[in-house]
Amino acid sequence: MKTALVTGASSGIGAEFARQLAAKKNNLVLVARSGDKLQELGRQLQSEHGIQTYAIAQDLTAPQAVATIFEKIQYQGLTIDLLVNNAGFGDYGKFSDRPLEKQLSMIQLNVNVLVELTGLFLPAMKQRGEGGIINISSIAGFQPFPKMSVYAATKAFVLNFTEALWAENKDTGVQILAVCPGPTESQFFKAAEFPVSMMAKNQNGMKLTSNKVVVSEALQALEKKQPNVVTGGFLNQFIVNLPRFVPRDLLVRQLAKMF
Ligand SMILES: NC(=O)c1ccc[n+]([C@@H]2O[C@H](COP(=O)([O-])OP(=O)(O)OC[C@H]3O[C@@H](n4cnc5c(N)ncnc54)[C@H](OP(=O)(O)O)[C@@H]3O)[C@@H](O)[C@H]2O)c1
C-alpha cells in the first residue's frame, strides 16, 4: 500500500484529498494544527477503507516544524509516495492596513514550508524512481491581486516553482503537479477575514467549486502527468488567461475595482 502525506488535512481541500486518497487505498499521514479533527477524520477513513492513518498535530509555521514532522515519519519507518502540500491561507485587505505578522506567517506557510517539505521528500522519490508531489497554488497565482497582494504572490511562487520542478523531474518517474483552484468551498474565506458582505456576494454571485471537484480534477491531472491544472470550469480558465490578452496595468486596475 502507498502512503500519502497531506498538509492542511483538517478541513476543506486537504480533508477531501485525504478522503479521495483513502478511497484509492492509500495510507495517510495527516498534518494540521487541529489534532482532534485529524484524529476523527483518520479514524473514520481507517474504518471505511481499511487503511492506516497517522495524525500529526503541528503548527507548520513554528520553528523546526518541518524537521519535526520529517523525523516523526522516519521514526515510524514510513515511505512517503505522495506529498500533498496543501496547507495555506490568505488575507483580505490593503497590504498597509493588514497585520504584517500575518503576511510573514503566510509566506512562511505557503512558500517556505512547501519548499522545505518538497526538498526533504523529493530526493528519496527520485532515488526510488517513483512518487508524486502536488502543490496547491491558485488562479490568484496567474496575476497580481490587489487586496490579496501577498497571497497572490505566494501562489505565483508555488506555480512557477512547481512547473519548473515538473520539467526538471519529468523523466525521473516522479510526477509533480501545481493545482490552481478558483473560489472553492472551505474555511479559506473565513481564515482570510473576507468581509461578511463580500462572502455573501461570493455565495450569491460567484459559484464556489466543491472541494470534491477540485481534488478529483487534481488526481486526474496527476495521472495524466500534467504540470498544472486549473480546476473548476470555464470561468477559472478565463481568469488565468486574462494576462495573455489584457495589458498588465489595465488588468491590475480592473482587479482592484472588482475587489
Ligand atoms: N478555497 C479556495 O477558494 C482556494 C482557492 C485557491 C487555492 N486555495 C488553497 O487551497 C489550500 C487549502 O485551503 P482551503 O481552501 O481548503 O482552506 P481551509 O479550509 O482554511 O484549509 C486550510 C488548511 O490548512 C491548515 N493550516 C492553516 N494554517 C496552518 C498552520 N500554521 N500549520 C498547519 N496547518 C495549517 C488548516 O488546518 P488547521 O487550522 O487545523 O491548522 C486547514 O487544514 C490553501 O493552500 C489555499 O491557499 C484555496
Side-chain angles (χ1 to χ4, degrees), residues 5-20 28-42 55-66 68-69 83-92 101-117 134-143 145 148 150-159 161-162 177-194 198-199 202-203 206-215 217-218 228-233 235-236 239-240:
L5 165 60
V6 183
T7 68
S10 62
S11 82
I13 296 170
E16 184 58 24
F17 264 108
R19 284 186 214 101
Q20 293 196 23
L28 295 170
V29 179
L30 306 173
V31 181
R33 290 167 301 186
S34 314
D36 49 345
K37 289 187 190 164
L38 296 180
Q39 295 281 0
E40 195 185 320
L41 179 64
I56 304 179
Q58 175 72 55
D59 180 345
L60 284 163
T61 62
Q64 299 301 314
V66 175
T68 304
I69 288 169
L83 167 64
V84 184
N85 278 312
N86 164 79
F89 68 91
D91 186 57
Y92 179 83
E101 202 179 309
K102 189 176 180 190
Q103 314 305 315
L104 297 177
S105 174
M106 190 196 308
I107 296 170
Q108 179 65 18
L109 182 62
N110 296 9
V111 174
N112 294 4
V113 166
L114 178 144
V115 171
E116 194 176 351
L117 281 166
I134 297 177
N135 290 337
I136 310 302
S137 174
S138 166
I139 61 167
F142 287 80
Q143 61 269 299
F145 261 86
M148 292 200 88
V150 174
Y151 177 72
T154 67
K155 293 302 180 179
F157 178 99
V158 173
L159 179 59
F161 172 65
T162 307
L177 172 71
V179 179
C180 306
T184 302
E185 284 171 351
S186 73
Q187 296 303 308
F188 176 84
F189 296 98
K190 197 172 162 211
E193 299 177 78
F194 265 66
M198 203 157 166
M199 284 170 76
N202 269 342
Q203 273 147 21
M206 193 192 292
K207 198 173 170 301
L208 298 177
T209 307
S210 82
N211 48 48
K212 278 194 176 60
V213 168
V214 170
V215 172
E217 290 184 1
N228 70 54
V229 61
V230 175
T231 57
L235 183 59
N236 293 342
I239 291 169
V240 301

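This one's a predicted model, so the numbers in the text were calculated from it and none came from an experiment. For ligands, and for the atoms within them, numbers begin at 1 and follow the listed sequence. Computed from heavy atoms alone, side chains included, the values below leave out hydrogens, waters and symmetry copies.
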* State whether the side chain of Asp59 and the backbone N or O of Arg33 hold a donor-acceptor pair below 3.5 Å, judged by distance alone. =>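 Side chain of Asp59 to backbone of Arg33: no pair is present.
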
* Do Tyr151 and Phe188 make the cut of ring centroids closer than 6.0 angstrom? ->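 Close enough - the centres of the two rings lie under 6.0 Å apart.
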
For a quick test of your reading: what N or O donor-acceptor pairs under 3.5 Å do the side chains of residues 136-143 make, sequence neighbours left out?
residue : atom : partner : partner atom : Å
Ser137  : OG   : Lys155  : O            : 2.8
Ser138  : OG   : Ala140  : N            : 2.8
Gln143  : NE2  : Ile139  : O            : 2.8

* Going by an N to O cut-off under 4.0 Å, is there a salt bridge joining Glu16 and Arg19? -> yes

* When you check the gap from the basic side-chain N to the acidic O, do Lys212 and Glu185 get nearer than 4.0 Å? ->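 Not counted as a salt bridge, because no side-chain N and carboxylate O are separated by less than 4.0 Å.
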
* Asked: If you measure only the distance, is there a donor-acceptor pair under 3.5 Å linking the side chains of Ser34 and Asp36?
  ->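 The criterion, which ignores hydrogens and geometry beyond distance, is not satisfied for Asp36 and Ser34.
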
* Asked: Taking any residue with a non-hydrogen atom under 4.0 angstrom from an atom of ligand 1, which ones do you get?
  -> Gly8, Ala9, Ser10, Ser11, Gly12, Ile13, Ala32, Arg33, Ser34, Gln58, Asp59, Leu60, Thr61, Asn86, Ala87, Gly88, Leu109, Ile136, Ser137, Ser138, Tyr151, Lys155, Pro181, Gly182, Pro183, Thr184, Ser186, Gln187, Phe188, Phe189

